[in-house]
Amino acid sequence: MEWTDNKKTIIIHPPKEFSFEECLVFLGRSNQEMTHQIKDGYLYKLMKLNGKRILLKISGQSREITIDFPLGPLLKNERMLIAKYVWDWFDLERDLCSFYDIAYQDEILRPIVQKYDGLRMIGISNLFEALTWAIIGQQINLPFAYALKKRFIEQFGEPLEFEGQTFWLYPTPEKIAALSVEDLRNLQFSVRKAEYVIEVASKVANGTLTKVDLLQNENDDEIKKTLMNIRGIGEWTAHYVMMKCLHSSSAFPITDVGLHNALKQALGLHRKPSLPEIKGMSKKWDGWEAYATIYLWRSLYD
DNA sequence: GCCCAGGTCTGTC
DNA sequence: GACAGACATGGG
């Protein structure tokens, strides 16, 4: 991790293959997003560290990311944890050179990685958030998924008012574990989805499901098995969470509808590619399937 | 009205 | 192991 600690401000020094602007486009893809906000080119993120609320105000220049703390100065240890958080958020530990090498050899990926050069896998560090967001988004269109998440956060999350804006902390597993199915039905969750979310909340709240434990697994296959033993987590969700939360570059939500549409478009097909076809073309992406997916998803919204 | 959305589970062959 | 049907709702 490369960063400079100026006490009031932190400056992150990302590796060369990074574009703050491209990441900002991704983060700004829905105006219903409540887990962060973008205003006047600044990215705001509210988080809680050891019970203390911290608001990050982030801006990107060509070779650095600057983080300010509008709520007041932080302790040295807190600043280090925040630097680490942002470093992981933008997946800056990863060396993208070999991905770009592979992608430039591939007819499908080449134009896309050229176009969105510097985009990185934006993470969801909070396991509970990653899991529930994935469950919420299952089988419904994205705008509706965002609408559900927005209601979920506004109903059960924690707000912070600052300079006329409201920032939100994601609901805690403890709070959600105590809900009834009916509480979530009121937000237009299906009965099934409500059950899944509450059950996952219970597991996280009672400590039987943790990020640390998941990362203790031997390999991605073991992590996947562990996740898929949980009700509501199938193949797609397991891979999504491995990408977004556990930093797996080879996770591959191959059944994803968005991925299918992106490939259809990239290849100029009249139908969506079949699973065997996708397996065939993804052989070239070995080890980088998650990044291929991120770039293909990106190609869908502009 | 019909089909498709960031799928998963259950029951059946 | 493969496959149909149910699940809830919104948009085209």
Side-chain angles (χ1 to χ4, degrees), chain A residues 25-36 112 116 119 121-124 126-153 155 170 179-201 203 209 223-246 248 251-266 269-276 278-279 282 289-302:
Chain A
V25 171
F26 173 83
L27 287 163
R29 72 199 185 288
S30 169
N31 53 17
Q32 300 207 80
E33 182 62 72
M34 310 300 281
T35 59
H36 58 261
I112 298 176
Y116 310 116
L119 173 65
M121 193 156 76
I122 309 297
I124 303 174
N126 177 339
L127 176 66
F128 178 63
E129 182 184 335
L131 284 166
T132 49
W133 170 226
I135 291 169
I136 287 170
Q138 288 168 2
Q139 182 51 25
I140 55 176
N141 59 57
L142 225 30
F144 184 42
Y146 276 110
L148 290 182
K149 181 164 84 156
K150 181 166 185 282
R151 291 174 201 160
F152 182 66
I153 292 173
Q155 184 89 53
Y170 201 75
L179 299 182
S180 66
V181 168
E182 193 55 27
D183 292 326
L184 292 177
R185 279 287 299 137
N186 291 337
L187 309 186
Q188 287 182 296
F189 281 50
S190 64
V191 171
R192 205 69 61 76
K193 247 176 217 186
E195 290 172 356
Y196 296 161
V197 166
I198 293 170
E199 285 171 27
V200 164
K203 288 184 198 302
L209 176 59
I223 297 178
K224 183 167 112 175
K225 279 185 200 159
T226 308
L227 286 172
M228 286 181 63
N229 277 329
I230 300 166
R231 238 166 68 87
I233 302 180
E235 189 92 27
W236 179 86
T237 305
H239 281 271
Y240 181 86
V241 170
M242 289 191 289
M243 286 172 66
K244 299 284 284 187
C245 186
L246 306 178
S248 164
F252 192 26
I254 193 167
T255 58
D256 182 82
V257 179
L259 176 72
H260 299 173
N261 284 327
L263 285 169
K264 175 185 166 189
Q265 189 177 296
L269 303 175
H270 295 292
R271 54 166 182 81
K272 286 186 271 195
S274 69
L275 240 38
I278 300 173
K279 280 181 184 160
S282 66
E289 292 86 346
Y291 260 90
T293 303
I294 291 292
Y295 275 78
L296 283 161
W297 277 346
R298 171 66 181 87
S299 72
L300 284 174
Y301 46 86
D302 61 2

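Letters A, B, ... mirror the listed sequences (proteins, then strands); counts begin at 1.
Considering only side-chain N and O atoms, A:Lys193 lies nowhere under 4.0 angstrom from the phosphate OP1 or OP2 of B:dC9. Close to B:dA5, at under 4.0 Å from its OP1 or OP2, lies a side-chain N or O of A:Asn261. In this structure, A:Thr237 does not reach the B:dG6 phosphate: none of its side-chain N or O atoms is under 4.0 Å from OP1 or OP2.
The distance from atom NE2 of A:His239 to atom C1' of B:dT8 is 14 Å, rounded to the nearest whole Å. As rounded to whole Å, 19 Å separates atom P of C:dG10 from atom NZ of A:Lys149. We find that NZ of A:Lys150 is positioned 15 Å from P of C:dG10, with the value rounded to whole Å. Atom NZ of A:Lys272 and atom P of B:dC3 are 14 Å apart (whole Å). If you take CH2 of A:Trp297 and P of B:dA5, they are 15 Å apart, rounded to a whole angstrom. When rounded to the nearest whole Å, the span between CG of A:Leu259 and P of B:dG7 equals 11 Å. Taking atom CG of A:Leu131 as the reference point, atom P of B:dG7 lies 16 Å away to the nearest angstrom. Atom CG of A:Leu148 and atom C1' of B:dG6 are 13 Å apart (whole Å).
Nucleic acid contact for A:Leu300: none, since no nucleic acid atom lies under 4.0 Å from a heavy atom of the residue. Among the heavy atoms of the strands, none lies under 4.0 Å from A:Lys244. Contacts of A:Tyr196 with the nucleic acid, taken as non-hydrogen atoms under 4.0 Å apart, involve only primed sugar atoms and P, OP1 or OP2. Using a 4.0 Å heavy-atom cutoff across all strands shown, A:Arg185 reaches sugar-phosphate atoms only and no base atom.
Between B:dC9, C:dG10, B:dG6, one nucleotide has an atom nearer to the side chain of A:Trp236 than all others, and that is B:dG6.
The CD1 atom of A:Ile233 sits 5.0 Å away from the CD1 atom of A:Ile135 when rounded to the nearest 0.5 Å. From A:Lys149, atom NZ reaches atom CZ of A:Phe144 across 14.5 Å, with rounding to the nearest 0.5 Å. Atom OG1 of A:Thr132 is separated from atom CD1 of A:Ile153 by 8.5 Å, given to the nearest 0.5 angstrom.
Along DNA chain B, the nucleotide nearest A:Trp133 and the nucleotide nearest A:Gly232 are compared for position; the residue whose nucleotide lies closer to the 5' end is A:Trp133.
Aromatic ring centres of A:Tyr170 and A:Phe152: separated by under 6.0 Å.
A:Tyr240 and A:Trp236 have parallel rings, their planes meeting at less than 30° on a 0 to 90° scale where 60° marks the start of perpendicular.
Comparing the C1' positions of C:dT9 and B:dG1 gives an interatomic distance of 16 Å, to the nearest angstrom.
Between the side chains of A:Arg151 and A:Tyr146, not a single donor N or O lies within less than 3.5 Å of an accepting N or O. A donor-acceptor contact closer than 3.5 angstrom links the side chains of A:Gln138 and A:Thr237.
Proximity of residues 135-146 of chain A to DNA chain C (heavy atom under 4.0 angstrom from any strand atom) is restricted to A:Gln139, A:Ile140, A:Asn141, A:Phe144.
Nucleotide B:dG11: paired with C:dC3 (Watson-Crick or G-U wobble, both distances less than 3.5 Å).
Between the side chain of A:Arg192 and the base of C:dG5, no donor-acceptor pair of N or O atoms lies under 3.5 Å.
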For this session: Report the C-alpha distance between A:Glu33 and A:Lys150 in whole Å, list the side-chain angles of each, state the deciding distance to 0.1 Å, and finish with yes or no for salt bridge (Lys or Arg N to Asp or Glu O under 4.0 Å).
Result: CA-CA 7 Å; A:Glu33 182 62 72; A:Lys150 181 166 185 282; over 6 Å; no
